[in-house]
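The sequence lines fix the lettering, A, B, ..., with proteins before strands; numbering per chain opens at 1. Excluded from the calculations below are hydrogen atoms, water molecules and symmetry mates; all remaining heavy atoms, backbone and side chain alike, are included.
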Protein chains: 2
Amino acid sequence: MTEVSSGRALTGVEDRVLDAVLECSQHWGYERMTIDDVVERSGVSRATIYRLFPGGREVLFEALRVRELDRFFAELRAEVESADTLDDIVVRAVVGATRALRDDEHLAAMLAAEPGEMLSQLTVDGVPRIIRMATASLTPLVASHLGPARSRALIDVLARLTISYFLAPSPLVDLGDEASARPFLAPMLREFSPPSTATN
Amino acid sequence: MTEVSSGRALTGVEDRVLDAVLECSQHWGYERMTIDDVVERSGVSRATIYRLFPGGREVLFEALRVRELDRFFAELRAEVESADTLDDIVVRAVVGATRALRDDEHLAAMLAAEPGEMLSQLTVDGVPRIIRMATASLTPLVASHLGPARSRALIDVLARLTISYFLAPSPLVDLGDEASARPFLAPMLREFSPPSTATN
DNA sequence: TGACGGTGAGACGTCGGGCGTCTTAGTGTC
DNA sequence: GACACTAAGACGCCCGACGTCTCACCGTCA
């Protein structure tokens with residue numbers, strides 16, 4: 001199994017700290033969360049936290065975002081991996097990602113409590129990383145059908161569309177519903193398919 | 001209609017401020033809530049807030065507690081007022097209060113987020129005031145059956161029991177359910193009834 | 001028109017508390 | 001006994017929230 005990750009695996013202590021950051025930020029909000037909150041909730045001492053995540057506060061949040069994105073795409077890839085046709089791969093990826101986003105309670109809470117920070121991560125600052133991880137995670141599955149370049153372009157577009165339709169659902173299509181998503185994605189797939197295999 | 005209240009009526013601006021305090025404290029928690037949050041949410045300027053509630057922060061919370069208690073007992077009294085027998089008065093009051101407590105989203109959120117502060121208001125610091133308001137609100141209805149002294153004693157006990165069973169429900173009785181509460185309260189009522197009218 | 005009460009906007013100094021760093025002592029392992 | 005790792009907490013710094021104050025603005029009433 002190919003390891004798709006943004007860095008080395010986290011130790012148990014690091015995970016406990018990030019769990020605490022997640023819970024505290026959900027409870028108090030990013031800005032109102034305190035390092036001492038994390039100390040108390042995680043049971044890990046102040047000194048240890050700063051040794052594991054040198055740079056403080058912002059490094060902590062960054063590490064959490066990396067871990068959550070890692071998990072997100074690991075699960076997504078697992079869902080998609082068994083698909084055979086390009087159509088199925090893409091539909092499963094988009095529908096699965098949309099549903100995962102909708103089911104993410106932490107994401108929902110953060111979007112409600114601090115839309116500024118969260119939206120920035122989903123639409124501006126965080127997008128390059130999201131695209132990068134989506135590409136790293138899904139390109140291996142798509143490339144055999146489209147080749148690397150077209151794969152990257154397709155995944156780029158799909159990631160952006162998935163985020164947009166998650167943030168602002170459209171009455172025209174529901175990307176969380178396979179029956180609705182498939183015909184919506186089909187023409188886009190034809191657009192990206194190499195002309196040699198296109199039927200017209 | 002008898003006015004049972006802890007002070008003069010609030011102006012529109014004061015209510016807007018307290019609404020904002022309620023929303024902000026629910027959102028951020030009592031301690032993490034900022035006066036500037038209240039300014040932003042209420043649309044009332046900093047200077048005006050301090051002029052309306054001189055003393056700052058704690059005065060603001062105190063005013064909110066007073067207002068909410070006023071409303072609580074005003075609604076409770078309205079529910080109870082039409083009852084005729086002492087039994088009905090007491091059962092309606094206890095069941096109504098229990099249900100109101102259970103339905104209070106702000107109370108639930110605060111209890112979950114900051115149990116320390118909230119429990120203190122329900123079990124230590126706030127109890128005298130709660131008893132006082134319950135007495136002021138309900139004594140007029142009960143006194144005609146029991147006289148003022150016994151009424152005060154009964155209401156004191158019932159208020160404490162209502163709070164206790166709300167905070168720590170018992171498998172033996174559900175004070176939010178009339179059918180369960182009535183037989184539970186009946187013997188207590190006999191205990192408080194004047195011996196001249198007691199049947200044994 | 002001018003006086004006046006009520007309000008918004010925001011500057012100001014103060015002070016608490018959260019920050020990031022550091023030291024010390026304790027614990028488990030080899 | 002050496003070593004790695006951690007908890008506990010002291011330390012100074014500095015930001016930001018606090019409460020106060022001033023000023024300008026607006027509507028009302030004399």
Pairwise ring pair (Phe, Tyr, Trp, His ring centres under 6.0 Å) hits with a residue in residues 137-165 of chain B, at least two apart: B:Tyr165-B:Phe184

Whole-Å distance separating the CZ atom of B:Phe53 from the C1' atom of D:dC18: 17 Å

Exceeds 12 heavy-atom contacts within 6.0 angstrom, atom CD of B:Glu62: yes

For B:Tyr50, all residues meeting side chain to side chain contact (heavy atoms under 4.5 Å, CB included), sequence neighbours excluded: B:Ile35, B:Arg46

Under 4.0 Å protein heavy-atom contacts per nucleotide of nucleotides 15-21 of chain C, with B for base, S for backbone only and - for none: ---SBBB

pair B:Phe166-B:Ile163: side-chain heavy atoms closer than 4.5 Å: no

Within 6.0 angstrom of A:Arg152 CZ, more than 12 heavy atoms from elsewhere: no

More than 12 heavy atoms from other groups under 6.0 Å of CD on B:Glu105: no

Euclidean distance, atom CZ of residue A:Arg51 to atom P of C:dC22 [Å, nearest integer]: 14 Å

Phosphate OP1/OP2 of D:dA8 contacted by A:Ser45 side-chain N/O (<4.0 Å): no

Nucleotide D:dG9, atom P - distance to CD1 of A:Ile49 in whole Å: 15 Å

